[in-house]
> 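Can you read through this structure? Questions will come right after.
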Amino acid sequence: MRLLHLGDVLGQTGRKAALEALPMLRDRLSVDVAVVNVENAAHGFGVTAKICKEFYAAGADVLTTGNHVWDQREIIAYIDEDEKLLRPWNFPDGTPGNGDYVFKTRSGKKVCVINMMGRLFMDPLSCPFQGADKLFSKHKLGKNVDAIILDFHAETTSEKMAFGHHCDGRASLVLGTHTHVPTADAQILPNGTAYQTDVGMCGDFDSVIGMKKENSVRKFLTKMPAGRFEPAEGPATVCGVFVETDDKTGLAKRIESVRIGGRLKGSWPSA
């Protein structure tokens with residue numbers, strides 16, 4: 001199977017670039033499953049129902065989020081209606097929405113997408129490592145599901161890497177989101193799980209993690225409030241990861257970073 005995951009979509013610039021790239025990537029790479037993290041898609045803060053529908057129309061199968069999932073208040077009522085829009089699984093019981101979703105591809109393959117959030121320098125949610133264990137006892141790779149994609153929305157590289165190794169052999173792909181800077185460690189772990197510490201963002205990299213750089217620099221210089229942070233509006237780079245799996249085991253055979261347009265050096269997987 002061929003899997004595509006696009007990193008955090010940030011603001012109008014990132015949204016436009018990702019919406020344009022997604023159908024082209026699906027076609028060029030013969031993608032079976034496309035997942036997009038949309039937690040910063042609405043002017044840098046959260047996501048709306050309208051934006052979700054735009055991404056489904058462009059070819060996204062599932063949308064993931066993170067700590068900014070509730071920033072647009074309308075999403076609280078909407079998320080229970082849209083099972084393809086995930087919030088981190090390890091929010092407390094009773095939180096609206098769901099953190100894992102299983103569906104069938106057009107070819108009949110069964111795919112599970114999981115959204116989990118880290119705890120270092122993040123909200124004190126339940127343990128993502130124990131949460132993953134519970135989900136893997138339910139969704140068993142190569143047995144009752146053909147692929148498992150896990151978006152781990154976390155701050156620190158150490159927690160992300162430890163989590164990847166903890167999941168190794170039980171997921172097709174574990175990738176980090178949230179820090180918006182693509183890491184250079186795309187790899188297949190020893191037991192067959194594709195992994196990248198952070199897939200990067202879909203946004204303007206002439207910025208500070210997607211936001212206009214002036215206010216961020218001013219705040220670090222003066223330690224004074226610097227006004228509302230606004231998304232940078234220059235040309236966006238679309239960052240993601242492309243993975244091929246073994247149809248029998250669901251484990252990864254290949255992983256490549258995807259970078260299109262904008263300021264970062266381009267990277268196109270061969271079809």
> Taking all atoms of both residues into account, what is the closest heavy-atom pair of T105 and D32, and its distance?
CG2-O, 4.1 Å
> Does D100 reach the side chain of N115, with side-chain heavy atoms less than 4.5 Å apart?
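Side chain of D100 against side chain of N115, heavy atoms only: no contact under 4.5 Å found.
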> Give a yes or no on this: more than 12 heavy atoms of other residues, nucleotides or ligands lie within 6.0 Å of atom CZ of R263.
no
> With the side chain counted from C-beta on, respond yes when F91 and V69 share a heavy-atom pair under 4.5 Å apart, and no when they do not.
yes
> How far does OG1 of T197 sit from CG of L175, to the nearest 0.5 angstrom?
10.0 Å
> Under a 4.5 Å cut-off applied to non-hydrogen side-chain atoms, are M24 and I260 in contact?
yes
> Is there side-chain contact between V33 and I149, with at least one heavy-atom pair below 4.5 Å?
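In contact.
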> For F129 and F163, take the angle between the two ring planes, folded into 0 to 90°, and tell me which bin it lands in: parallel under 30, tilted 30 to 60, perpendicular over 60.
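If you compare the ring of F129 with that of F163, the planes turn out perpendicular.
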> Side chain to side chain donor-acceptor pair (under 3.5 Å) with N67: which of E155, R87, H153?
H153
> Contact between C167 and F136 at the side-chain level, heavy atoms closer than 4.5 Å - yes or no?
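Result yes, sub-4.5 Å side-chain heavy-atom pair found.
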> If you define the side chain from C-beta out and look only at heavy atoms, does anything of L63 sit under 4.5 Å from V47?
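Heavy-atom side-chain distance check fails, nothing below 4.5 Å.
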> Evaluate salt bridge (Lys or Arg N to Asp or Glu O under 4.0 Å) for R170 paired with D133, printing each intermediate quantity in order.
CA-CA 9 Å; R170 298 186 288 173; D133 290 342; 3.0 Å; yes
> Against D61, only a single residue in R26, K84, K104 fulfils salt bridge (charged side-chain N to carboxylate O under 4.0 Å, His left out); can you say which?
R26
> Do V113 and Y56 sit in one hydrophobic cluster, given that two such residues count as connected whenever their side-chain heavy atoms are within less than 4.5 Å of each other, even indirectly?
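No, separate clusters.
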> Measuring only between side-chain heavy atoms, which start at C-beta, is T65 closer than 4.5 Å to W70?
no
> Are K160 and T157 close enough that some pair of their side-chain heavy atoms sits under 4.5 Å apart?
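No, too far: nothing below the 4.5 Å cut-off.
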> Do the ring planes of Y101 and F103 sit parallel (below 30°), tilted (30 to 60°) or perpendicular (above 60°)?
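Aromatic pair Y101/F103 classed parallel.
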> If every non-hydrogen atom of P182 is compared with every non-hydrogen atom of L264, which pair is closest and at what distance?
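Looking at all heavy atoms of both residues, the shortest contact is CG-CD1, 3.9 Å.
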